[in-house]
Amino acid sequence: MLNPLTALIVDDEKESRDSLRHFITKYCEGVTVKGEAQNIKEAMELIARYEPDVVFLDVEMPFGNAFDLLEQLDTIRFETIFVTAYSQYAMQALNMSASYYLLKPIDIDELVASVDRIREKQSEKNKLQNARVLIDNFQVENKQLHKVVLPVLDGFEVVRVKDVIHCKANDNFTEFYLEGGKKKMICRPLKFYEELLEPYDFLRVHKSHLVNLQYVTKYHKGKGGRLTMSNGNEVDVAPARKQSLLNRF
């Protein structure tokens with residue numbers, strides 16, 4: 001038998017709330033929607049009243065967004081599933097923090113999968129940490145000081161972007177090489193981190209390599225050439241990506 005979950009829906013659009021409530025009731029076994037809110041003030045009151053297991057939270061609302069709501073909470077004792085129409089900035093922030101999110105219009109399979117993942121991972125530490133990373137990233141202007149949540153085999157780790165020297169593909173995993181000689185095997189493909197970290201001065205220089213340009217110490221000429229990174233590792237540059245690299249310098 002599935003563990004029962006209580007839920008709240010926070011969205012300024014009544015049609016969206018009605019649709020999501022219908023999907024949750026029909027397709028998410030064991031999930032009870034205890035209340036709905038159309039703004040941050042109402043959401044705060046409902047969270048205090050019901051102490052939900054999960055909050056379905058619209059990213060953009062009048063008079064404040066989802067992150068404003070989370071920032072006002074002293075303690076986050078629930079999982080959050082963000083609901084958003086596509087916004088590149090919001091999506092990047094959610095991916096950096098390894099948060100759960102759904103795109104409008106809601107895909108039923110994605111909704112059910114999000115609820116299932118929350119059931120599998122009901123850790124107080126994870127709830128607080130992922131939300132905290134999300135809030136911290138929005139408050140820090142220097143992107144290299146932003147944090148990223150890295151899912152590892154036995155949980156997750158939080159690192160600052162500035163501590164990532166380079167990444168290497170390893171089948172469907174990614175090896176992260178960090179400051180201080182640390183190395184982490186991450187349970188996601190390199191393509192995911194290429195898209196996520198590109199705005200943070202990272203560049204895919206080879207099908208197997210993604211580098212933080214802040215840590216390139218030398219370029220060696222060749223058909224594609226190779227890079228020496230600050231940790232002493234050498235990284236091959238694909239001929240087709242050579243010019244993109246040189247343009248950055």
Side-chain angles (χ1 to χ4, degrees), residues 67 82 86-101 126 129-249:
F67 314 121
F82 295 93
Y86 182 75
S87 162
Q88 185 174 0
Y89 182 50
M91 296 291 287
Q92 182 186 45
L94 295 173
N95 279 325
M96 290 288 283
S97 65
S99 297
Y100 305 109
Y101 62 85
N126 286 1
Q129 189 80 348
N130 290 23
R132 188 70 256 167
V133 168
L134 186 62
I135 293 167
D136 288 348
N137 283 349
F138 270 90
Q139 292 176 333
V140 176
E141 293 184 8
N142 184 344
K143 287 189 173 184
Q144 284 279 327
L145 296 180
H146 281 194
K147 300 173 185 175
V148 58
V149 176
L150 302 178
V152 293
L153 295 175
D154 59 349
F156 73 96
E157 294 195 22
V158 179
V159 303
R160 290 193 182 277
V161 172
K162 74 178 184 65
D163 292 331
V164 180
I165 298 174
H166 65 101
C167 307
K168 180 181 179 181
N170 187 339
D171 292 326
N172 288 323
F173 292 78
T174 300
E175 296 174 5
F176 269 66
Y177 292 83
L178 308 174
E179 281 275 70
K182 296 179 181 178
K183 176 182 172 183
K184 303 292 180 184
M185 182 71 78
I186 308 304
C187 313
R188 276 184 172 165
L190 186 62
K191 178 65 175 176
F192 176 86
Y193 290 107
E194 176 188 3
E195 297 173 355
L196 188 66
L197 295 174
E198 185 179 22
Y200 293 79
D201 215 19
F202 281 70
L203 184 68
R204 184 84 172 260
V205 296
H206 187 277
K207 67 178 181 179
S208 299
H209 300 292
L210 176 69
V211 302
N212 186 341
L213 296 176
Q214 301 290 327
Y215 291 110
V216 173
T217 60
K218 187 175 182 179
Y219 171 71
H220 305 266
K221 290 182 179 180
K223 185 176 181 181
R226 70 182 192 279
L227 299 173
T228 300
M229 306 303 295
S230 63
N231 60 358
N233 289 350
E234 294 198 344
V235 173
D236 290 331
V237 178
R241 299 176 185 265
K242 177 179 177 178
Q243 194 57 51
S244 295
L245 171 68
L246 297 179
N247 290 344
R248 298 293 288 271
F249 287 95

Original post:
Distance only, no hydrogens: is a donor on one side chain within 3.5 Å (strictly under) of an acceptor on the other, for Tyr200 and Glu198?
Top reply: no
Original post:
Hey, what do you get for CG (Asp236) to CZ (Arg241), rounding to the nearest 0.5 Å?
Top reply: 13.0 Å
**OP:** Determine whether the aromatic ring centres of Phe176 and Tyr193 lie less than 6.0 Å apart.
**Re:** yes
Original post:
To the nearest 0.5 Å, what is the distance between CD (Glu179) and NZ (Lys162)?
Top reply: 7.0 Å
Subject >> Glu234 and His220, any side-chain heavy atoms less than 4.5 Å apart >> reply: yes
Original post:
Would you say Tyr215 and Val164 make side-chain contact, with heavy atoms under 4.5 Å?
Top reply: no
**OP:** Please tell me if the side chains of Cys187 and Phe173 come closer than 4.5 Å, counting only heavy atoms from C-beta onward.
**Re:** yes
Original post:
How long is the span from the NZ atom in Lys221 to the CZ atom in Arg226, to the nearest 0.5 Å?
Top reply: 13.5 Å
**OP:** Report yes if the side chains of Asn231 and His166 come closer than 4.5 Å at any heavy-atom pair, otherwise no.
**Re:** yes
Subject >> Heavy-atom side-chain contact between Lys168 and Thr174 under 4.5 Å >> reply: no
Original post:
Rounded to the nearest 0.5 Å, what separation is found between the CG atom of Leu203 and the CG atom of Asn247?
Top reply: 10.0 Å
**OP:** Step by step, work out the salt bridge (charged side-chain N to carboxylate O under 4.0 Å, His left out) result for Glu157 and Lys184.
**Re:** CA-CA 9 Å; Glu157 294 195 22; Lys184 303 292 180 184; 3.2 Å; yes
Subject >> Of Ile165, Asn233, Leu227, the residue whose pairing with Val211 passes side-chain contact (heavy atoms from CB on, under 4.5 Å) >> reply: Leu227
Original post:
Once you round to the nearest 0.5 Å, how far does NE2 of His206 lie from NZ of Lys242?
Top reply: 14.0 Å
Subject >> Within-4.5 Å side-chain heavy-atom neighbours: Arg204 and His209 >> reply: no
**OP:** Hey, could you give me the OH/OG1 distance between Tyr219 and Thr228, rounded to the nearest 0.5 Å?
**Re:** 11.5 Å
**OP:** Considering non-hydrogen atoms only, spot the tightest contact between Ser230 and Thr217 and give its length.
**Re:** CA-CG2, 3.7 Å
Subject >> Where Met185 and Asn170 come nearest, the two heavy atoms and their spacing >> reply: CE-ND2, 3.4 Å
**OP:** Apply the salt bridge (charged side-chain N to carboxylate O under 4.0 Å, His left out) test between Glu175 and each candidate in Lys183, Arg188, Lys182; give the one that qualifies.
**Re:** Lys183
Subject >> Side chain proximity check, Phe202 to Leu196, heavy atoms < 4.5 angstrom >> reply: no
